[in-house]
Amino acid sequence: MTRAAIALIVNPSAGAGRGGQLVEPVARALRERGATVDVLRTRAPGEGTPLAREALSRGSEGVVVVGGDGTLSEVTNGFFEGREPIRPGAWLAPISAGTGGDFRRSLGALDVGARGVSIDEIVSRLWLAPIRTIDVGHLEYVGNDGGKRARVFLNIASFGVGGLVDRIVNDAPKWMGGGVAFFVGTLRALARYRPAEVRVSVDDAAPFEARITNVAVANGRYFGGGMHVAPTASLDDGLFEIVTMRAQGTLRALRLAPHLYRGTHLGREGVEHHRGRVVVASPVDPGADVLLDVDGEAPGKLPARFENLERALPLRG
């Protein structure tokens, strides 16, 4: 990375305040390497999108994000108007500081909270990393207010129990850490969840119907605070990995959990796996609420259409 005008977008509340603690060290490390840094802080959910859009419109060559998966997803949405990039060639660089850290795992990036890993080391990796152009998901869905919505997603979108898990985790205290928070949230969600009947089509294949616990439409490999749900997914192959977990009862779901964390669940009873570029999903009962999980957030419900935008986003890290 040569001298560049960079926007540093930070969620100060991420990771129980860890995001705010990283602002000055990250900005200083970037400036020491010759970058011009404009520090922008989010103050409420959703602000990452307009902050990124404004920074790119002012000429920022790249955006470094300090926050969780939700903040990173918001900023990614600021790079796009519909399916089109606002500033072609502008890059995104994530520094994970949130609850889940799932995109960091999918990317194989350094963990800012790991013992022995310094901010300087993380920024050096960003500084020296070649740009990698990755896929982005485009999603059309029904918002929580009932209106038609569209957005992009970076890592994984799912429907079923995942949307309920998000609501529980996002309302829970952050001190317990990402993996524990999502595991406890998943247990609580499974106790409350009533499996939904959905109709799903992948590309031009005939639709199938299933009574599901969850369906993951995966660009990345991890979700839910470390579940290796899509172990064969690639960020730059132009295809989603679609992992369907059919409803099997709470006990069987709990038995499947260790395999989900290890990535050894594909091919097991009740788990189906497809690959494709476009996924369309709807509840069999039009009145049923089948909730969405999109990069760790809960923006709405089915019906939905998921489309892979191949190599749409330059990324460092």
Side-chain angles (χ1 to χ4, degrees), residues 82-83 106 134-143 146 148-165 193-224 227-249 252-253 256 259-260 263-295 298-312:
R83 293 173 174 80
S106 294
I134 66 169
D135 304 338
V136 171
H138 183 268
L139 172 63
E140 298 171 355
Y141 64 102
V142 176
K148 292 183 178 180
R149 298 287 181 267
R151 57 170 292 166
V152 298
F153 63 95
L154 192 58
N155 188 37
I156 294 178
S158 75
F159 49 92
V161 74
L164 181 56
V165 172
Y193 179 69
R194 297 295 175 265
E197 292 276 354
V198 298
R199 182 178 295 110
V200 181
S201 64
V202 180
D203 292 341
D204 297 325
F208 64 89
E209 293 185 2
R211 185 169 175 264
I212 62 156
T213 298
N214 210 57
V215 177
V217 181
N219 188 35
R221 295 185 174 191
Y222 293 86
F223 78 164
M227 292 184 185
H228 200 177
V229 67
T232 62
S234 170
L235 289 168
D236 56 7
D237 65 352
L239 296 171
F240 293 125
E241 301 292 311
I242 302 100
V243 181
T244 300
M245 286 167 275
R246 291 181 179 259
Q248 301 182 75
R252 286 191 177 183
L256 185 63
H259 295 283
L260 277 169
T264 57
H265 56 290
L266 298 185
R268 299 190 68 85
E269 183 182 359
V271 180
E272 298 168 11
H273 177 230
H274 302 84
R275 302 179 81 230
R277 192 181 69 85
V278 176
V279 179
V280 178
S282 60
V284 171
D285 175 1
D289 287 341
V290 183
L291 301 179
L292 286 162
D293 153 37
V294 184
D295 286 345
K301 60 185 179 179
L302 299 186
R305 182 182 186 273
F306 311 76
E307 179 183 352
N308 188 294
L309 306 181
E310 185 174 0
R311 301 198 176 191

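Contact of the P299 side chain with the R149 side chain is not registered, since no non-hydrogen atoms from C-beta on lie closer than 4.5 Å. At least one side-chain heavy atom of E241 sits under 4.5 Å from a side-chain heavy atom of H273. Counting heavy atoms from C-beta on, the side chains of V200 and H274 never come closer than 4.5 Å. Contact annotation: the side chain of N219 never approaches that of V136 to less than 4.5 Å [non-hydrogen atoms, C-beta and beyond].
Taken to the nearest 0.5 Å, the CG atom of L154 stands 10.0 Å off from the CG atom of D135. Rounding to the nearest 0.5 Å gives a distance of 3.5 Å between CZ of R268 and NE2 of H259.
Of all the heavy atoms in G82 and V152, the pair that sits closest is O-CG1, 4.1 Å. A pairwise comparison of heavy atoms in Q248 and E269 identifies NE2-O, 3.2 Å as the closest pair. Contact detail for A233 and G220: the closest heavy-atom pair is CB-O, 3.5 Å. Scanning all heavy atoms of the two residues, the minimum distance from S106 to N155 falls at OG-OD1, 3.2 Å. When all heavy atoms of Y141 and A150 are compared, the closest pair comes out as CE2-N, 4.0 Å. Listed here is the closest heavy atom pair of P303 and P283: N-CD, 4.1 Å.
Annotation: side-chain contact (heavy atoms from CB on, under 4.5 Å) contacts of R246 (sequence neighbours excluded): F208, A210, T244, E272. Residues meeting the side-chain contact (heavy atoms from CB on, under 4.5 Å) test with V271, sequence neighbours left out: V243, M245, L256, H265, L266. Taking D285 as the reference, nothing meets the salt bridge (charged side-chain N to carboxylate O under 4.0 Å, His left out) condition, with sequence neighbours excluded. Applying the salt bridge (charged side-chain N to carboxylate O under 4.0 Å, His left out) rule to D203 yields no partners; only residues at least two apart in sequence or on another chain are considered.
For the side chain to side chain contact (heavy atoms under 4.5 Å, CB included) criterion with F159, the lone passing option out of N214, I212, L291 is I212.
Every pair passing side-chain hydrogen bond (donor to acceptor under 3.5 Å, both in side chains) that includes a residue from residues 302-312 is listed here, sequence neighbours excluded: R83-E307, R277-E307, R305-E307. Sorted by first and then second residue, the ring-ring contact (aromatic ring centres under 6.0 Å, His included) pairs with a member in residues 227-248 read F153-F240, Y222-H228; sequence neighbours excluded.
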Practice item. Applying side-chain contact (heavy atoms from CB on, under 4.5 Å), run through V290 and K301 and close with a yes or a no. Key: CA-CA 5 Å; V290 183; K301 60 185 179 179; 5.6 Å; no

